[in-house]
Structure formats: structure tokens, C-alpha cells
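See structure below.
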Number of protein chains: 2
Amino acid sequence: MVRKEITIKDVARLAECSPTTVSRVINNSEHPVSKDTAEKVEAAIKRLNFSPNRIAQGLKNDKSNIIGVIVHDICDSYFAQMIKGMEEFISEHEYIVNIYNTSRDVDKELHAVNMLKANRADAVVFAAGALMDKRYEREMYNVVEQLKSQGTILLGVTPHPFAIKNISLANQKAAEMITDYAIENGHQKIAFISGPQNLYTSYLRKQGVIKSLENHSLQFKQELLFEGDFTFEGGRKAALSLLNKIDQITAVVAANDATALGLIWELNNQGVKVPAEISVLGIDDLPEAKYSYPPLTTISLPIYNLGTNIGEYLLAQLNEEYDINIKPVEPKLLTRDSLKNIE
Amino acid sequence: MVRKEITIKDVARLAECSPTTVSRVINNSEHPVSKDTAEKVEAAIKRLNFSPNRIAQGLKNDKSNIIGVIVHDICDSYFAQMIKGMEEFISEHEYIVNIYNTSRDVDKELHAVNMLKANRADAVVFAAGALMDKRYEREMYNVVEQLKSQGTILLGVTPHPFAIKNISLANQKAAEMITDYAIENGHQKIAFISGPQNLYTSYLRKQGVIKSLENHSLQFKQELLFEGDFTFEGGRKAALSLLNKIDQITAVVAANDATALGLIWELNNQGVKVPAEISVLGIDDLPEAKYSYPPLTTISLPIYNLGTNIGEYLLAQLNEEYDINIKPVEPKLLTRDSLKNIE
DNA sequence: TTGTACGCGTTATCAT
DNA sequence: ATGATAACGCGTACAA
């Protein structure tokens, strides 16, 4: 099949003017165009169903209109919501949202960022969570510097070690808040199910728990730390290991809701009553969190809004309005039924 | 910030040759290049961290490397899985996956397709499900024709009225299978919770139920048809309306799992035992379907695999291997615990 | 084996 | 108010 593109020249011919004039009409240029010819051009454009070739425009203005988003897993509703927020905001404004799933794989992550470099992305959002890995850090550092010198706008959503603007998701604060809440309800024997070891987000959430404990003169106990991986399955497994020490525990803080949901499910499955025998707490407020048995008490991180705020920020940056800041997004305690007051 | 791009010319200068030679090296051209200069070029490329500008390449070859995907809601795990499958396959091959969320909104859908046209997408996947709406059909028909004449490869995932290749997801067959299963287990009084009215997918799934009923000489009863919208909330609401007629019903087929899950949740909530008092069946096999109470009996549509198969097909088409077909994906019955045999 | 010249579709600059 | 020309970065036909 031969690709027969309709160009500005075709329009010009039909409107009996020069390509320059057509371009001026398309771009609502300052440059004066007589009402008469403008109309003829408009008519020709309609007639030919012409839309300007954005690739060519891009080459000319040194813009790709591509905004890259690097994400761990688009199926994780946490990321999906953020992407949706960004996408709904950004694609209204004639930008292309280019998503990469990296499954926290070093090679995939580097591949993504190199593709975005080759495609001269106008902006890149690092939302996948920094990996704690030597090669990753070294190579990523290099590409990031190259992107910077290409003039690419960079933004990290979870904290990154690279020297780029980072928007924090209040990970630590959220973990602190939910732990505070447990303590305020009389819990002292608190277990924690962590996220994946190599994720900075995991680290921050753990720190939040520790900080809350310390603020209340309690100690974080290594033997009550269980490893999870931010998934439902991980939560289920953690529940099993937790069972041995259940008499040492009155509440469990899970590093995220998916984990908490798995935890609750498996505890139910094993005949352990939540929250009568043990309280379970999450972080994120996944849509399904309110439909567990019992509904999960958690911290809401309004991640969809974060997405739209990021979109707004990027667009401002792309329009060189440098004084804009990302609207922050506040964690909020959602008390449902998975915690029992034991004072 | 001034964007200072490194070009093929910079490489040529450093490697002491012409841009043409650099181009030949980059593209592993047939045209002979001496080993010596090739090495010098490679070295210069490394040294400058040069990657060819794909925008410029695109303008030259009339390729954008963009594959557009139009989807209803990226947060819907059904679509998310498909996209992930596509993305993982496609982005390995140097393509950009450009996703649009349309929320089944006519304007958004048209906006998306027009953007993809302007960006000269190499391929577009219509995965959002066709809308049954006059203006949508008319305008979409036009753009689709334009895309075709631009040489864009088009693919519909759920059936579309446009004259493009469609890959069926066995929607009707899946609905038929799950209804068959209910009937084989002694159920005759079967209710159906539909999907949104304006979706062709809804229509097909309903047809599947009707067909199964007819094959077993049973009649589809209008009063046992309840309207849903493919969401958990919709399922909950349906459960409430269903309650009045519960003595006329022994089993409910939900148009999808999200609906079935909401249904089960609300039935539990209302003290109706599933499956003791009523059986509930779904379609899709969402990841969370096996964690409901009781685990949901449903039909698995391996949608992630469909995604990778679509990716494979598109790539073949883009490489002009016309004899390739999309590998079909088979629905599979997953018997869990939400159906009771009442024979 | 290497290089020159031109064109992809668009727009900024400079005439007219 | 309009248009001719050059240039963005790259690839290719052609020449050397």
C-alpha cells in the first residue's frame, strides 16, 4: 500500500495560495492573513480532511510532543490511576503519552529511557520507583544527564537519586499516620509487612512505621518484620509466616493495600478473625479496599489527582512557565472496620 | 534552556567522514563501509552518546513508530492486562505505544483518533468497544477511511462496525459456555445482569446467554434481565433489584466478573448465601475473582496473551508480512465455588 | 569505498 | 497581505 499523504501543499493548491499562508492559518499566526484567503484555506482543509503532519512540525520546532511515563506495572491499579490522571489531562493538550512497563527490571528500564531519548521526548516521568542497583544507578545517571542536556523536562514521582525534580507521594508520612492510628487505639505489638527490598518506596514506608513507633517510645522489632512484595499473593504468604507469632501481635501494618488485602484474605481463610483477633491496616486506598471482609482501614493517597497535577505541571513547564509548582496531594486516614480499639 | 542536539553531522566530524557514511553505519546498510571507518564511527557515536533522531528518521521514511491504542479505561484490569501484553511485546521493538482513555465518551474517542491521524500513527488498535451512537458511527467512519488511505494499519479488538480487521474475543462463546455450565448443573431459572446498553460487547454476551438457553429449549425471560454497567458498583445495585425476585431465580450470570463480584459482595451483605441460596457466575477471570467469598466460577479470557498476540500481528503487518494471522485465544471454564449443583 | 545533492512536510526569515 | 527560500536531521540516488 502506497502511503499518499495530504500535505500543506495540496491545501495551498486548492486554496490558490502559498504553503506559507496555509501554515499561517493553521497556526493562528500573528502575521496578517486576509479574511478572504483564510476562509478559502479553511475550506480546503475541510475538503481534503487535512491535518498537519506533527512529525514534520516536530522536526521543525524541535518538539516531539511525546511525554514518556516509566512505570512498574500498568496493571497495578496504583499506577493505573496515576497514568489515567495524567493521560486525561495531557492528551487533551495534544500530547502523546508514551508508557513503558518495566516490571522493575533494570534492562527494561534502561531500554525505556533510551527509547525516549531517541524519540526526543519533551518530558519524562519516572514513576516506576527507583531501583537500588549499582548498574541501574550508574547508567541511569548517564542517560538522565543526556536527557537534561537535550532539554527534556524530567520528573520523578517516587524519590530518585538522580538530580531531577522529585514529587514526593508522602509515603513516609502515610506510613507514620496509619501506625499512629494503631497506637492511638491501644496497639503496641505491631507487625509490619514490607514491600520489595530493592524499592525506595518500601524503604520510606518502613521508615514511617519506625518513626511513629519511636515517637511513641516504642521499639521496632525485627522479629515482627515480614517481607512482602506489594502484591496480594505476597500478603497471603506473609499471613502464613505471621501465624506462628500471632500471640505476639495485635495489629499488622501492611506496606500497601494489596498486601493488606491478601493478608486479610488468608487470615479469614485460616479462621483468624479480623479485627477481633488481629487488626490489619493498609496504605493506598485501592478501590477494592472498601470491599474486603472487613472493609480495610487505610490511608488514602489520591493518586489520580496526583496524576492530573503532574500533567498540569508538565504542561506548564513545556510552556516555559517556570514558576509553577506541583500541587501537593495529602494523605488521608480512612477508618473502616479492620482495626479494633483495644484500650 | 537551549536545546543543543547532537546530530549525525557531529558524529561525521568526529569520525572524519561524511554524514552519509554515518547513516550507513547506523542502519547496517547494504552499502559497503570499510571496517576501519565503521569503527571510527562507532567510537564517535559512543563518545557523543549519539542516538539518531527518530523524528527526522520518521519524516524521511514516512513512519512515526507510533502505535495508538484506544481504550475505555486503563484502570479496568481487563484493558490494563491487554495493554500490558501489547506494550511488552511492542516496545521491545522500538515502537511507541500511545494510549488513550475515552471513558466511552464520543468526543474523547474522536479526539483520540484525530490525534493519531495527525501524528501519522503507523497502527491503531480500537480496543474501547464500539459505541452504538449515530454521530460516533458517522464521524468515526470518516476518520477510519482517512487513516486507511494514509496507510495506517487498523485493528478492532471488540467488534466494530467499520470495515477494519476485527479480532473477536469470543465474547458470545464465553457467555454461552458459562450459561451452558449453569444449565448442566440443573439450573433453569437463570437471571442475567447485562453490561452497558450502548456497548456491542454487552450485546454479544447477552446473545450468548440467549443462545445457550435456546439450545436447551429454555426461554430468556425479560423479567430476569437486570441492567448493569460492567462495574462492581453496578453489580451491587443489580443485587438489590434482584432481591425481590429471588424466589424466581436459582442462578445469575453476570456480564462480567466485576459485576459478579459486586453481586456476590452485596448478596453477602444482605445475608443471602452464595451459592447455597443462589449461584453466581462471571466472565473474564479477573485476578481478584479467585479471592471473592466464595471464589468465583467464571470463564477465563486470556487477555494478556491476546495483547501479546495483537502486538505480534501488528509488527508483522508493519513489516509487511501479510500472511500472518492473529493467534486466537480460547475461553476456558474455571470452576470454583460460586455455583451449586442442584440436580 | 566515499561523498554530494536533494527531498521528506513544515515553518521562520526575509523579501515584495 | 502574500510568497520564495532556507532549514530542521536524516536517508538515498547518484556521482566519483
Side-chain angles (χ1 to χ4, degrees), chain A residues 2-41 44-45 48-66 94 117-122 150-151, chain B residues 2-41 44-45 48-66 94 117-122 150-151:
Chain A
V2 183
R3 218 158 159 161
K4 187 73 182 283
E5 177 144 11
I6 291 166
T7 78
I8 208 172
K9 286 181 194 166
D10 300 315
V11 178
R13 200 172 308 123
L14 189 60
E16 295 171 311
C17 65
S18 75
T20 308
T21 306
V22 177
S23 170
R24 297 209 252 257
V25 174
I26 290 169
N27 300 308
N28 296 315
S29 156
E30 296 293 305
H31 200 104
V33 176
S34 80
K35 192 151 188 176
D36 195 47
T37 40
E39 274 165 12
K40 270 161 73 182
V41 170
I45 289 175
L48 298 172
N49 285 311
F50 166 77
S51 32
N53 184 331
R54 307 214 56 163
I55 308 270
Q57 290 182 321
L59 182 60
K60 186 68 194 160
N61 332 321
D62 207 2
K63 276 199 78 176
S64 62
N65 299 303
I66 293 172
E94 316 261 296
K117 184 192 161 203
N119 283 298
R120 304 299 188 263
D122 293 333
Q150 276 185 17
Chain B
V2 184
R3 217 156 158 160
K4 187 77 182 285
E5 178 144 13
I6 292 166
T7 77
I8 209 173
K9 285 182 197 163
D10 300 314
V11 178
R13 200 172 310 124
L14 188 60
E16 296 172 308
C17 66
S18 76
T20 307
T21 307
V22 176
S23 171
R24 296 208 252 256
V25 174
I26 290 168
N27 300 310
N28 297 316
S29 157
E30 296 293 306
H31 200 104
V33 175
S34 80
K35 191 151 189 177
D36 195 46
T37 42
E39 274 165 12
K40 270 160 76 181
V41 169
I45 289 176
L48 298 173
N49 285 310
F50 167 78
S51 35
N53 185 330
R54 308 213 42 144
I55 309 271
Q57 291 182 321
L59 183 60
K60 186 68 198 163
N61 324 326
D62 209 1
K63 276 198 80 177
S64 63
N65 298 303
I66 293 172
E94 316 262 295
K117 183 192 161 205
N119 283 297
R120 306 297 190 264
D122 293 334
Q150 276 184 16

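A note on names: the letters A, B, ... follow the listed sequences, proteins ahead of strands, and every chain is numbered from 1.
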[X] has an atom [atom1]; how far is it from atom [atom2] of [N], in whole Å?
| X | N | atom1 | atom2 | answer |
| --- | --- | --- | --- | --- |
| B/N53 | C/dT10 | CG | P | 17 Å |
| A/R24 | D/dA1 | CZ | P | 10 Å |
| B/E16 | C/dT2 | CD | C1' | 14 Å |
| B/I8 | C/dA5 | CD1 | C1' | 15 Å |
| A/I6 | C/dC8 | CD1 | P | 16 Å |
| A/K63 | C/dG9 | NZ | P | 22 Å |
| B/Q150 | C/dG9 | CD | P | 12 Å |
| A/I55 | D/dG9 | CD1 | P | 16 Å |

Side-chain heavy atoms of [X] within contact of [Y], under 4.5 Å:
| X | Y | result |
| --- | --- | --- |
| B/V11 | B/I26 | no |
| B/N49 | B/I6 | no |
| B/I55 | A/S64 | yes |
| A/S51 | B/R120 | yes |
| B/R13 | B/L48 | no |

Sugar-phosphate only, base, or nothing, as touched by A/P52 at under 4.0 Å among non-hydrogen atoms: sugar-phosphate

Touch class at under 4.0 angstrom, heavy-atom based, for A/S29 against every strand present: nothing

Checking only heavy atoms, does the side chain of [X] share a donor-acceptor pair with the base of [N] at less than 3.5 Å?
| X | N | answer |
| --- | --- | --- |
| A/R54 | C/dG9 | no |
| A/K60 | C/dA12 | no |
| A/R120 | D/dG9 | no |
| B/H31 | D/dT12 | no |
| A/T20 | D/dA4 | yes |

Given DNA chain C, 5'-ward residue of the pair B/N61 and B/T21, judged by closest heavy atom: B/T21

side-chain contact (heavy atoms from CB on, under 4.5 Å) between B/R24 and B/T37, worked out: CA-CA 11 Å; B/R24 296 208 252 256; B/T37 42; over 6 Å; no

Please state whether the phosphate of [N], meaning OP1 or OP2, lies under 4.0 angstrom from any side-chain nitrogen or oxygen of [X].
| X | N | answer |
| --- | --- | --- |
| B/Q57 | D/dG9 | no |
| B/S23 | D/dG11 | yes |
| B/S18 | C/dG3 | yes |
| A/T7 | C/dC8 | no |

Shortest side-chain distance from A/S34, nucleotide among D/dT2, D/dG11, D/dC8: D/dT2

